[in-house]
2 protein chains.
Amino acid sequence: MNLKQLSHMLSLSQTTVSRALNGYPEVSEETRRRVVDAAKRHGYRPNPSARRLATGKSGMIGYVLPTGASVDIDPHFVEFLSGLGDYARSHELDLVLSPADAGDEETTYRRIVANRQVDAVYLSAPRPADKRLALVNKLGIPFIVHGRSEGFDFDYPYLDIDNEGAFHEAGRLLVQLGHKRLALINGNDRETFAIHRERGMRRALATSGLMLGERHVCSLTMTEENGYRAARRLLEDSEPPTAIACSSLIMALGVVRAVRDLGLTIPGDLSLVAHDDVFPWLRPENFPVPLSTTRSSIRLAGARVAERLAARISGLEEGARGEVWPVDLVVRGSVAGAPA
Amino acid sequence: MNLKQLSHMLSLSQTTVSRALNGYPEVSEETRRRVVDAAKRHGYRPNPSARRLATGKSGMIGYVLPTGASVDIDPHFVEFLSGLGDYARSHELDLVLSPADAGDEETTYRRIVANRQVDAVYLSAPRPADKRLALVNKLGIPFIVHGRSEGFDFDYPYLDIDNEGAFHEAGRLLVQLGHKRLALINGNDRETFAIHRERGMRRALATSGLMLGERHVCSLTMTEENGYRAARRLLEDSEPPTAIACSSLIMALGVVRAVRDLGLTIPGDLSLVAHDDVFPWLRPENFPVPLSTTRSSIRLAGARVAERLAARISGLEEGARGEVWPVDLVVRGSVAGAPA
DNA sequence: TGAGCGTTCCAAAGCGCTTTGGCTGACTTG
DNA sequence: CAAGTCAGCCAAAGCGCTTTGGAACGCTCA
């Protein structure tokens, strides 16, 4: 069933039928009712390819996925996707993943914009002065950044959590508990979120005249193994930290293992706080010692990004609105006063 | 730059230019060279929307993503995606994720097929007599199943690993080590992979006249917490198993925690084998006691599925070829002879 | 009463590609 | 040498929608 057939059986022109269905004003209410009714009865669905060719709109949102033999997709991605998908579903939006050579995403962004394959895109894991962001901004396609960049002379729409505030809180808690030697096991510090976390932590320490020593900051991709290695290195130092803040639950698994291997205990010898993006399959309360966390559901963020993307596509949202979500500090058994 | 302009500047018809670029025979080699050359020089890229309208082909592969507030996307998905994306990238294939209401994927499959939004789809986590599979088969869109179903009177193309063989091997190893009371902590047994694993395990035991008791099989979604709970229940039983096979590394984390909480040791009190899909962020050799695993890279599977999908789209692959990959059994420190 | 106006509809021209059905001219073939 | 063949090209008809630029009609109002 296409427009032609439908309009023919209604003895109307394609124009009128099209307008009736798309809510244009120049069609009488009665006619509109007839048309809408017939369309529903015959299960008419406009062909998206044709509509796309005519309008240039695709009804899809895009994401450029960096790939490569040695490139790992962040496991957080799947949770973000859950939220995004959940919203997108209710609006019949599809998501297009365009794989790109990690390191040369530019070509792919240009392609999907030039081809008008998607109506909007989102970026994630931005870095300071992220080239992708500058590009997408220049290309003029609606977009939202999940996270933030830094060092641009233009504003842009984003959704981020208060990473600095979160780790400031975590740091403050640990300091208040009397810890003097703190360490941070961070994610890749070329990404802004990691920079913000470190900044928050430093700020918390500075308030009490403390410093985060050079050797007490690790920046690594967030795997269990890296968490383990970092913790070993820190704890076997001559002046080991008595408290660690950790950027992910997965790394925290490694930290816990290292602590055990060294015959130490949490929170007796080491207080531990980690950031929790809220995975359904790994929960901080189920750690051997329930883990204190800075918590923010990445899934909700996914849903919100989808919502704002949809709003931008339909023109309801404009401008460079930034949105920063507060982060909960959830205190559990893994933190205690500094050892004497 | 569109076809019209390009053909005009070459003083050729659109027909000829189109044919030259698409490799049709009825154009002289010299003309073809001229055309291809000019196209490249002017960066001409055919508009995919137009091409799609004309041909009905989209150059994308689809996946229907079950979503919902209480639906969690499997973390394996992201690894599969890495492989898929890696292959897709090299062939300029995009992936369309169409979110669907979990439980009613049918509507979405019908929509994407009717709209010709994608040239092929893949299904994952199939169940016996999976309705999606029957549907997609009926709708006539090229597809591949990642995993297998059972109980259909038709064949279909799939890629699966030898789950039964893997757990048969694992079971056999444990039996050979003298274990008599074995248990299986499995994934959701409405999915075929779990059924196959259980079958393999039972077969291994049967060979030695052993049985897998009703109470010794758990079927749960694969979270750390469920692994913990299942292990507690098993180990606190009056006749606890001396060996456990576990369907995922994530659950194995929970098993290890339970063992510790109960003051037991691996492999002294309990031998443990788990299936490893090969995550970059959690490796079996880094478990407190290095974990024996049945191993198969889900990432490679993703790449292979993409490859076969591409082959089916271009007509290079046909028919209902099933492909079953063997699984490695990797023995590490977590297994030992049965306690006396 | 006839100019002016708003409402409601329509025919037709795109959107940019592929593909069908020729047409032309050079080249074989009997 | 006429008929047949074939390579190489083209015009035009789609694909199914949106949108432009009217046209027809019934009203109002001077």
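Since this is a predicted model, take the numbers as computed values, not measurements. Proteins come first, then strands; the chains are lettered A, B, ... in the order of their sequence lines, and each starts at number 1.
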Those residues of [range] lying under 4.0 Å from DNA chain C by at least one heavy atom:
range                       : value
residues 112-119 of chain B : none
residues 43-57 of chain A   : A:Leu53, A:Ala54
residues 21-36 of chain B   : B:Asn22, B:Tyr24

Divergence of helical axes at both termini of the helix from C:dT1-D:dA30 to C:dG30-D:dC1 - five pairs an end, 10° steps: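 So the angle between the two local helix axes works out to 50°.
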Among all residues two or more places apart in sequence or in another chain, which pass the salt bridge (charged side-chain N to carboxylate O under 4.0 Å, His left out) test with [X]?
X        : answer
A:Asp119 : none
A:Glu30  : none
A:Arg148 : A:Asp160
A:Asp74  : none

Heavy-atom contact window of chain B on DNA chain D, given 5' to 3' at under 4.0 Å: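 Endpoints of the contacted stretch of DNA chain D: D:dG8 to D:dG16.
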Enclosure of B:Arg190 CZ (heavy-atom neighbours >12, cutoff 6.0 Å):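 Counting neighbours around CZ of B:Arg190, 12 or fewer heavy atoms of other residues, nucleotides or ligands fall under 6.0 Å, so no.
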Strand-adjacent residues in residues 7-15 of chain B, judged by heavy atoms under 4.0 Å from DNA chain D: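 Nucleic-acid contacts, sorted: B:Ser11, B:Leu12, B:Ser13, B:Thr15.
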Spacing between A:Lys4 atom NZ and C:dC10 atom P, to the nearest angstrom: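 After rounding, the gap between these two atoms is 16 Å.
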Could you list all N or O pairs between the protein and nucleotides 22-25 of chain C that sit under 3.5 Å apart?
none

Qualifying residues under side-chain contact (heavy atoms from CB on, under 4.5 Å), relative to A:Ala125, sequence neighbours excluded: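 So A:Ala125 forms a side-chain contact (heavy atoms from CB on, under 4.5 Å) with A:Glu191.
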